Structure formats: structure tokens, C-alpha cells
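Remarks on the structure that follows.
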Amino acid sequence: MTDVRDLSEEDCDFLAAELALRLLTGTEESEARALEARDPAFAAAVAAWGDRFAPLFDRIAPVEPDAALWGRIARGLALRGSARNLASVERRVGWWRGAAIAMTALAAALALVLGLGNLTRQPTPLPQPAARQHLIASIAPEGGPAMAVVSYEATAASLIVTPAALAPVVGHSHQLWLVPAEGNPHSLGLVTPGDARRIAVPAALVRTFAADATIAISAEQEGGSPTGQPAGPIVATGKLRPV
Amino acid sequence: MTGADFESSASTDRTLLTKALAGVAGGNAGALEEVYSRTAAKLFGICLRILGDRGDAEDILQDIYLNLDRRAASFDPDRGSPIAWLATITRNRAIDRLRARAARPHVTIDQAGEVPDPSPDAATLLEAVQDSARLEACLDELEARHAGAIRSAFLDGISYPELATQSAVPLGTMKSWIRRGLLRLRECLSP
């Protein structure tokens, strides 16, 4: 990892310029980005190079975007407003989680009572409920309200996606991804705004759900990403949590 | 219009845009429309130049404006102009998209060729006229191929490996061209 202490002042400023110009690729770029995030002096040097080059933006002629674009943005804003209604879904998730804990406690108490009636017998261990049989993720843009809810049932090996407040984008598809704690995202297929559906989860992926996986939605070209990996911007994410 | 008129209209624009951005940060939807009408053409020009595709360029723009309410608070009016701040965000997002779709064939170069480079005078006034003139003058002092690579990197979002391929030189050579160019540029621009 790039350590600013290993670089001369000169090299450091040069790295800042390379990052500001976006000359770097791959690991070189991600390491420089990480340095920018944790070293304020380096971040200031990157910003200073950005300022030096800003007058070059004058070289790029303005072009009017399609007149319909503002309408799309305004609709997106309106949908985001209505997505706040989904907060009630999340409250219900909270209730389910509480209920699940209460049921587990009740089961334990019952077992204890049954156990007491049979002191002489070797206590049978409590059947452990399968870990994280039900998982739920609320998928939201960073800091924004939920756009979709994804629930996973281990018993049915399937996901239910409810993209209730996802804004449709003309000429583009929304693609759902399972992003494991480590490794590459797996495509879970396309989602249609407003259209809840069940997605069978391939057996190979089931294991991943046990970990702290993230579900993400990206905006892709029509028909989905051609590369098998997210190619468009990630519009919303959420972590799968046990109910 | 005289140079002085340009300066004063640019400073009014800057004040109005700074105010509108503060409104966006405060969750005012009307302020977003104001920011949009003042900046969309400029930002769309930047996206189109880098991506060469109207659909992709519009996607980036939509994303930027939709998420501006969360971002606008981090704009510091004492540090720079609001349009340069927005232009930098836009350029970075467009380059992210460009690189994400790198595996996919596209026609950036042909389509980008249709968008002419305006002379600095004809362009919308982003920075004070003298900043722009000074940077151009300093770039003109560099060796032509060094300046050319730096301009391509900034304006088209071209990375080291692509620049090296385009100029048919080894990667190390391209890095040293850029480095020499940047050193001289910094010297020339320092007060």
C-alpha cells in the first residue's frame, strides 16, 4: 500500500497530479484513492491540481441535453419522496425481528419446563434453529430512503425482490447483484421497477448468504451488463440481515 | 461585450449558483431546477466529450443531479467556483463510466469529433479570463507532445496505458513525458 512517508515531497505531488488527471488505472489508482481518503495533505494536493486544470473546462463546449432529461430527474425526485412510504415496511421488519427473538425465548423457556419434568434424563440439546433462515435487505441509495426490499428464504432457496420505489430509466435496465464480503459480485438478474418477483438462488450462491452479503442494484444498458460484472452506476445497496 | 462585462457577469453567475447550491443542500427542490438550468449544458458537454454517447452522458447527469442534495453541502464557496466543483465531479463520474464500459466497443472518438473545441473566448466563463489565459500560455510553453498528452488526459479522461498506445511509445516514456510536463507547468503557474 502506498505510504506517503515512503514518497519524497516531489513524488507525492506528482502522484496527486496523476490522480487528479485520472492517469492511473487499477490498483495504482485505488491505492492513490485510499491515500487521498486518509491523508488530508495529499487530498489537498489532489484538489490543488484539480484547481490548476479547471480552466481547461473552458475548452469543452456546452451541449444542451435532451429536453426530457429534467423530467426524468424530477420524476426520480418524486419517486424518492414516495419511497419514504417504504419506511413502514422497514418498521414491520423490525417487528418481525422482535417477534423472532420472543419466539426463541419462549421455545427456550418451554424446553426448560419440559427438561425440569425429566431431571433424571440426560437433557437433550435444544434443536438449534438454522442460522439466518430469513434474511432481509432494504436497498437504498447512500443516505436515501429505501427503493426496494429483498428477502431471502433459505428453505425455498429463493429471493423475493420488491422494487416498489425504483425509478424506471428509459433505455436502461436495473440489475440486481449479490456482493459477497469478499470476491466479485454475482448477478441475480434484472429487476423491473414496481414488479415484485421471486428469484431462485443457484445452490453455489446459497453459501454466500450465510456471510454478511450486500445486495446492490445497478443501472445498466438495456438487457443488463454485458460483462457479467456491474458496468453502470450502482444506484442503491443494502446489507442482508437476519430477521 | 467588454472583458470587464464578462468578469462582472461571471461573478454574478457564480454568486447565484453558489446560492442555489446552498438551497439544494437544504433540500429545496426549486433550487435544484435552478442549478440544473444554469449548469446542465456545461456538464452535459463534459460527459459527452468523455463518453461520446448521449445516453450514457444523460445517465451520468441524471445521477449527479439526483444525488446533489447530499453532495452540495460539501461544496466550499471559499475554495473555488461552484461550476468548477460540479465540472470536476462530472468529469470523474464520466471517467468512471468510461472505464467501467472499457470492455465494450464504443465510438467515442468518432462522435466526440463532432463536438468542436471552442476557442477559450467563445466558451462559457468558468474561471476568471486570466486564469484560463495563463494556463493556456503555460501549456503552450511545454514541449508539444507533453502538452498534448496532458490535455488529452484532462479533456478526454485518457489513462497512461491508452496515452502510451495512442502515441506509440512505451508506458515509461509516457510517464516521463507527463512528469516533465507537469513539473514545468507547476513552475510556470506558481506565483
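Throughout, protein chains are lettered first and strands after them, A, B, ... in sequence-line order, and every chain is numbered starting at 1. Values below: every heavy atom of this structure, side chains too, minus hydrogens, waters and symmetry copies. As the structure is a computational prediction, the values presented were derived from the model and not from experiment.
Neither the backbone nor the side chain of B/Glu162 comes within contact range of chain A, judged by heavy atoms closer than 4.5 Å. Of the atoms belonging to B/Leu189, it is side-chain heavy atoms, and not backbone ones, that fall under 4.5 Å from chain A. The parts of B/Leu182 that come within reach of chain A are both its backbone and its side chain, each placing non-hydrogen atoms under 4.5 angstrom from that chain. If you measure heavy-atom distances from B/Leu32 to chain A, the contacts under 4.5 Å come from both the backbone and the side chain. In this structure, the portions of B/Ile150 lying under 4.5 Å from any heavy atom of chain A include both its backbone and its side chain. The parts of B/Arg179 that come within reach of chain A are both its backbone and its side chain, each placing non-hydrogen atoms under 4.5 angstrom from that chain.
Ranked by non-hydrogen atom pairs under 4.5 Å with chain A, the options B/Ile178, B/Asp63, B/Ile158 are led by B/Ile178. Among the candidates A/Asp66, A/Leu69, A/Thr25, the residue making the largest number of heavy-atom pairs closer than 4.5 Å to chain B is A/Leu69.
Inspection of the A/Glu220 and A/Ser218 side chains reveals an N or O donor paired with an N or O acceptor under 3.5 Å.
A search for ring-ring contact (aromatic ring centres under 6.0 Å, His included) contacts involving A/Trp177 returns nothing, not counting sequence neighbours.
A cation-pi arrangement is absent between B/Arg49 and A/Phe57, since the terminal nitrogen or guanidinium carbon is not both under 6.0 Å from the aromatic centre and inside a 45° cone about the axis.
Using a 4.5 Å heavy-atom cutoff, the side chains of A/Gln175 and A/Pro230 are not in contact.
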Show which side-chain atoms of residues 16-24 of chain A pair as donor or acceptor with protein atoms under 3.5 Å away, not counting sequence neighbours.
unit_1	atom_1	unit_2	atom_2	d
A/Glu18	OE2	B/Tyr160	OH	2.4
A/Arg22	NE	A/Glu29	OE2	2.8
A/Arg22	NH1	B/Asn92	O	3.2
A/Arg22	NH1	B/Asn92	OD1	3.0
A/Arg22	NH1	B/Asp96	OD1	3.3
A/Arg22	NH2	A/Glu29	OE2	3.4
A/Arg22	NH2	B/Asp96	OD1	2.7

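Here the shortest heavy-atom pairing between B/Leu21 and B/Pro82 reads CD1-CB, 3.7 Å.
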